[in-house]
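What's counted below: heavy atoms across the whole structure, side chains too, no hydrogens, waters or symmetry copies.
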Amino acid sequence: MRLALALARRAARRGEVPVGAVVVAPDGRVLALAHNRVETDRDPTAHAEILALRAAGARLGTPRLVGCDLWTTLEPCPMCAGAVGLARIRRLYFAAADPKGGGVEHGPRVLASRGHGPEVYGGIGESEAAGLLRAFFAGLRG
């Protein structure tokens with residue numbers, strides 16, 4: 001999660017919502033790193049999780065990341081949760097919950113409706129991730 005949090009800080013410095021994501025192979029190798037690039041890429045789908053899953057799939061040469069784990073600093077939105085399920089991620093670890101926009105433990109709970117969803121572990125590094133998000137949005141309002 002430390003690596004994902006560092007990516008989130010990088011996103012914030014670039015004017016992006018501070019979310020970072022890391023895909024890890026079954027053997028512990030880091031396959032892909034990403035942070036939000038919605039504003040930079042002018043792409044509403046350029047969420048950290050989507051970018052990391054795309055990069056890991058390209059690196060492995062398959063859209064199915066069987067046995068891989070995804071670490072992200074914010075509970076995935078419904079779009080990203082759907083991609084996590086389609087990628088066949090083994091375990092999803094996230095830091096801060098997202099009661100308004102989440103799609104895993106909040107909102108539509110996309111992964112709960114899938115028969116083969118990942119194991120989900122939330123709240124890892126939650127205070128730091130939530131602090132980054134609060135500071136970012138306070139800066140936009142201030």
Side-chain angles (χ1 to χ4, degrees), residues 1-140:
M1 189 58 76
R2 286 188 189 119
L3 189 50
L5 287 163
L7 291 161
R9 287 190 292 275
R10 182 182 305 165
R13 287 192 300 273
R14 295 180 177 178
E16 299 282 357
V17 174
V19 177
V22 178
V23 177
V24 178
D27 66 4
R29 251 176 330 125
V30 172
L31 293 174
L33 309 166
H35 61 72
N36 275 4
R37 291 196 328 243
V38 171
E39 302 300 327
T40 302
D41 293 0
R42 296 175 179 87
D43 177 357
T45 69
H47 292 197
E49 300 92 337
I50 297 288
L51 297 172
L53 293 171
R54 285 179 186 160
R59 184 164 180 191
L60 294 177
T62 178
R64 285 166 294 286
L65 305 174
V66 177
C68 294
D69 300 333
L70 176 65
W71 294 77
T72 184
T73 59
L74 182 63
E75 176 184 352
C77 71
M79 173 185 69
C80 293
V84 165
L86 291 171
R88 307 291 197 272
I89 289 294
R90 174 180 59 176
R91 292 186 199 107
L92 168 65
Y93 300 93
F94 69 86
D98 188 354
K100 292 181 183 176
V104 177
E105 292 185 349
H106 298 89
R109 299 179 185 218
V110 173
L111 296 172
S113 65
R114 298 185 63 85
H116 53 272
E119 296 173 31
V120 177
Y121 302 93
I124 301 164
E126 182 172 18
S127 60
E128 185 174 353
L132 287 169
L133 289 160
R134 275 193 301 277
F136 178 80
F137 287 112
L140 290 180

* Asked: Could you go step by step and tell me if Arg14 and His35 meet the side chain to side chain contact (heavy atoms under 4.5 Å, CB included) rule?
  -> CA-CA 10 Å; Arg14 295 180 177 178; His35 61 72; 3.4 Å; yes
[X] [atom1] to [Y] [atom2] distance, which is reported to the nearest 0.5 Å:
{"X": "Leu60", "Y": "Leu31", "atom1": "CG", "atom2": "CG", "result": "5.0 Å"}
{"X": "Ile50", "Y": "Cys77", "atom1": "CD1", "atom2": "SG", "result": "7.0 Å"}
{"X": "Arg90", "Y": "Leu65", "atom1": "CZ", "atom2": "CG", "result": "11.5 Å"}
{"X": "Leu7", "Y": "Glu16", "atom1": "CG", "atom2": "CD", "result": "12.5 Å"}

Checking the side chain of [X] only, and the main-chain atoms of [Y] only, is there a donor and an acceptor separated by less than 3.5 Å?
{"X": "Thr73", "Y": "Gly20", "result": "yes"}
{"X": "Asp27", "Y": "Arg29", "result": "yes"}
{"X": "Asn36", "Y": "Ala48", "result": "yes"}
{"X": "Glu39", "Y": "Gly15", "result": "no"}

If I compare all heavy atoms of [X] with all of [Y], which pair ends up nearest, and what's the gap?
{"X": "Phe136", "Y": "Pro18", "answer": "CG-CD, 3.5 Å"}
{"X": "Tyr121", "Y": "Arg91", "answer": "CE1-CD, 3.9 Å"}
{"X": "Ala56", "Y": "Val23", "answer": "CB-CG1, 3.7 Å"}
{"X": "Cys68", "Y": "Ala25", "answer": "SG-CA, 4.0 Å"}
{"X": "Ile89", "Y": "Pro118", "answer": "O-CB, 3.1 Å"}
{"X": "Ala81", "Y": "Gly103", "answer": "CB-O, 3.8 Å"}

Answer whether the closest heavy-atom distance between the side chains of [X] and [Y] falls below 4.5 Å.
{"X": "Met1", "Y": "Glu128", "value": "no"}
{"X": "Met79", "Y": "Thr45", "value": "yes"}
{"X": "Thr72", "Y": "Leu92", "value": "yes"}
{"X": "Val17", "Y": "Val38", "value": "no"}

* Going through the checks in order, is the side chain to side chain contact (heavy atoms under 4.5 Å, CB included) test met by Val110 and Val84? -> CA-CA 10 Å; Val110 173; Val84 165; over 6 Å; no
* Asked: Is the closest basic N to carboxylate O distance between Glu49 and Arg54 below 4.0 Å?
  -> no
* What residue among Val19, Val120, Leu70 forms side-chain contact (heavy atoms from CB on, under 4.5 Å) with Phe94? -> Val120
* Output, in order, the C-alpha distance, side-chain angles, deciding distance and verdict of side chain to side chain contact (heavy atoms under 4.5 Å, CB included) for Trp71 and Leu3. => CA-CA 9 Å; Trp71 294 77; Leu3 189 50; over 6 Å; no
* Check against side chain to side chain contact (heavy atoms under 4.5 Å, CB included), Val104 and Arg109 -> CA-CA 4 Å; Val104 177; Arg109 299 179 185 218; over 6 Å; no
* Working for side-chain hydrogen bond (donor to acceptor under 3.5 Å, both in side chains), residues Glu75 and His106 -> CA-CA 9 Å; Glu75 176 184 352; His106 298 89; 2.7 Å; yes
